[in-house]
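Note sheet for the following structure.
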There are 2 protein chains.
Amino acid sequence: MSIQSAFSHPHRPMTCQRCAIRSRSLCGSLSDDALGALSSISRHRHFAPGQIIVTEGEPAIFANVVTGIVVEKKSLSDGREQIVSMFFSGDFLGDARRVNSDSTAQAVSPVTLCAFDRNAFEQLMDVYPVLTQSVLDYAMARLENAREWMLLLGQKSAEERVATFLMRLAARQADAGCRHVAAQSIEPGMALDIPISRAQMAAYLGLTIETVSRRMTALRDSGLVAFKDARAVRLLNVDGLKAAAGDNDRL
Amino acid sequence: MSIQSAFSHPHRPMTCQRCAIRSRSLCGSLSDDALGALSSISRHRHFAPGQIIVTEGEPAIFANVVTGIVVEKKSLSDGREQIVSMFFSGDFLGDARRVNSDSTAQAVSPVTLCAFDRNAFEQLMDVYPVLTQSVLDYAMARLENAREWMLLLGQKSAEERVATFLMRLAARQADAGCRHVAAQSIEPGMALDIPISRAQMAAYLGLTIETVSRRMTALRDSGLVAFKDARAVRLLNVDGLKAAAGDNDRL
DNA sequence: CGTTGGCTTGAGTCAGATCAATAGACGTGG
DNA sequence: CCACGTCTATTGATCTGACTCAAGCCAACG
């Protein structure tokens with residue numbers, strides 16, 4: 001799956017210089033110097049679908065997602081689970097400056113991570129301030145996402161939640177590399193691949209599987225979307241979907 | 001309300017050196033040098049209860065809360081509102097490295113902020129890496145809080161939400177300066193001051209005013225808490241309340 | 001006093017949960 | 001190839017926790 005460089009070091013499957021996700025990740029803003037340092041403390045790790053990457057309460061991980069989808073979830077003692085974030089290719093996964101992770105990270109699809117040594121990474125943050133800034137940028141972006149989701153979980157109806165989910169997913173799949181353009185490029189008829197199961201959607205949206213399924217059907221019946229199967233959706237009416245998502249503001 | 005220094009500069013009501021909240025805030029970890037620089041770009045600002053401090057979409061603010069309570073909220077076009085965080089004395093309020101705020105900040109009580117000039121603050125972050133690290137620490141703490149709240153909003157019942165709110169508030173009021181001790185110091189009989197209205201609790205917990213009121217009554221009737229009035233609560237059974245909050249884990 | 005704003009309480013409704021059945025996709029082994 | 005079990009998704013029937021609508025209480029205040 002991963003793009004191998006002919007010159008790659010055995011434990012570093014590709015040089016960071018020509019990494020497929022570099023421009024979209026943390027590494028995009030680094031100097032060659034800093035990148036080299038980062039490269040030397042990184043190694044690729046693979047995870048099978050469903051495999052746990054870090055458990056809540058265990059030491060935090062620092063890694064870029066190279067390929068695949070990762071979710072982070074928090075759970076209650078009786079088994080109820082809430083997915084708190086989804087990570088796509090290029091996202092930085094890591095609770096910098098926290099000793100232990102506050103949530104469990106799990107691979108949803110086959111995942112390749114570019115993982116960094118924790119201590120070495122923190123030391124590198126001291127040497128290269130730009131790295132700290134990048135990590136801060138990511139943290140702020142995640143915070144903004146978390147807050148948007150709090151609004152969704154606290155105030156939106158089931159149908160608004162499902163519509164919002166589809167729109168966000170579309171924005172994420174449309175931007176593909178440049179997250180600042182986004183939204184505009186969601187054109188009608190766009191095919192959308194839902195990378196998670198209905199159960200995971202439910203855990204992400206604070207609903208049950210049945211309600212997710214029913215609302216998906218309702219969106220189909222009202223002509224906003226069409227689907228080939230449960231995972232392959234086509235957006236028929238983007239404006240309508242945006243309206244169904246509840247907020248008419250920016251993306 | 002604020003502790004005035006005899007040596008204070010007209011626009012800087014107290015020297016940062018002897019600021020009442022220094023040890024609990026961002027400033028606690030700074031060198032005298034960095035603190036001096038920060039001091040020179042700060043000034044105190046006052047807000048009346050209900051007054052808006054920043055509006056969603058406007059340029060972000062950088063400030064420490066000196067006294068009072070601030071809430072941040074996000075809203076939908078039809079008026080539904082979700083409070084996404086509460087700031088107490090010593091908390092750092094600011095979306096570093098983001099141009100515009102993603103939420104509206106509002107004073108709940110009379111508030112004094114120690115506000116920093118935005119550009120100067122960002123420049124200072126370049127000069128003093130420790131400042132960036134402190135901001136990152138705050139961002140990670142806020143992210144963890146946001147995630148815990150996502151679990152609450154997505155999975156917990158009304159009664160669990162109210163109980164969790166009371167426990168978190170108690171932890172926050174008990175630690176008073178050192179957030180790492182916390183929780184342990186919540187002793188039975190502890191008096192708790194609820195600094196926000198029922199309507200704000202509802203907006204924070206993703207419930208209606210009526211449900212908040214009913215669940216508060218239910219907690220009283222089951223003997224977990226007692227109250228003098230709507231804002232003055234006494235914790236009678238801390239373990240019971242913890243159980244009612246749904247998660248038996250740390251704090 | 002009358003008004004106003006915040007809080008509580010009651011009665012009825014409804015959106016989403018729960019319980020239950022079915023269908024399709026996919027493997028596995030006889 | 002078909003019978004079988006498993007896993008995921010959909011759909012139906014019913015239930016219930018929280019919302020809605022409405023009334024009443026109390027303290028603050030002009």
Side-chain angles (χ1 to χ4, degrees), chain A residues 48-50 71 76 78-82 108-109 152-166 192-222 225-233 244 246, chain B residues 48-50 69 71 76 78-83 108-109 152-166 192-222 225-233 244 246:
Chain A
V71 299
L76 260 19
D78 63 359
R80 282 174 287 176
E81 286 187 343
Q82 177 66 39
V108 161
S109 63
L152 176 143
L153 294 170
Q155 303 298 332
K156 289 189 179 179
S157 71
E159 189 146 328
E160 288 171 328
R161 295 184 200 201
V162 172
T164 305
F165 172 77
L166 293 177
L192 193 61
D193 170 54
I194 299 179
I196 59 176
S197 69
R198 290 289 186 270
Q200 286 160 335
M201 281 179 67
Y204 195 25
L205 298 172
L207 301 169
T208 58
I209 299 177
E210 294 94 327
T211 300
V212 171
S213 180
R214 275 186 248 272
R215 293 302 107 202
M216 286 290 284
T217 313
L219 289 175
R220 167 167 57 71
D221 291 348
S222 57
V225 301
F227 28 98
K228 203 160 64 64
D229 64 56
R231 301 291 193 100
V233 176
Chain B
I69 311 280
V71 298
L76 260 19
D78 63 359
R80 283 174 286 175
E81 286 187 341
Q82 178 66 39
I83 291 178
V108 161
S109 61
L152 176 143
L153 294 171
Q155 303 297 333
K156 289 189 178 180
S157 71
E159 189 145 329
E160 288 170 327
R161 295 184 200 200
V162 173
T164 305
F165 172 78
L166 293 177
L192 193 62
D193 171 52
I194 299 178
I196 59 176
S197 69
R198 290 289 185 271
Q200 286 161 335
M201 281 179 67
Y204 195 25
L205 298 172
L207 301 170
T208 58
I209 299 177
E210 295 94 326
T211 300
V212 171
S213 179
R214 276 186 247 273
R215 293 301 106 200
M216 286 289 284
T217 310
L219 290 175
R220 168 166 58 70
D221 291 349
S222 57
V225 300
F227 26 99
K228 202 161 64 65
D229 63 57
R231 301 291 194 99
V233 176

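Just the heavy atoms: all of them, side chains too, but no hydrogens, waters or symmetry mates, feed the values below. Order of the sequence lines fixes the chain letters, A, B, ..., with proteins taken first and strands second; residue numbering starts at 1 for each chain.
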Reading nucleotides 5-19 of chain D from 5' to 3' and marking B where a protein heavy atom lies under 4.0 Å of the base, S where only the sugar-phosphate is that close, and - otherwise, the string is ----SBBBB----SS
In B/S/- notation (B base, S sugar-phosphate only, - none; protein heavy atoms under 4.0 Å), nucleotides 23-30 of chain D written 5' to 3' is --------
Measure the spacing between [atom1] of [X] and [atom2] of [Y] and express it to the nearest 0.5 Å.
| X | Y | atom1 | atom2 | answer |
| --- | --- | --- | --- | --- |
| B:Thr208 | B:Met201 | OG1 | CE | 11.5 Å |
| B:Arg198 | B:Leu207 | CZ | CG | 12.0 Å |
| A:Leu152 | A:Tyr204 | CG | OH | 9.0 Å |
| B:Ile194 | B:Asp229 | CD1 | CG | 9.0 Å |
| A:Lys228 | A:Asp193 | NZ | CG | 10.0 Å |

Heavy-atom donor-acceptor pair, [X] side chain to [Y] backbone, under 3.5 Å:
| X | Y | result |
| --- | --- | --- |
| A:Arg161 | A:Leu153 | yes |
| A:Glu81 | A:Leu76 | no |
| A:Arg80 | B:Gln155 | yes |

At a 4.0 Å cut-off to heavy atoms of chain B, the contacted part of DNA chain C spans C:dC7 to C:dA11
Could you go step by step and tell me if A:Leu219 and A:Arg215 meet the side-chain contact (heavy atoms from CB on, under 4.5 Å) rule?
CA-CA 6 Å; A:Leu219 289 175; A:Arg215 293 302 107 202; 5.6 Å; no
task = Show your reasoning for whether side-chain contact (heavy atoms from CB on, under 4.5 Å) applies to B:Met216 and B:Leu166.
result = CA-CA 10 Å; B:Met216 286 289 284; B:Leu166 293 177; 4.2 Å; yes
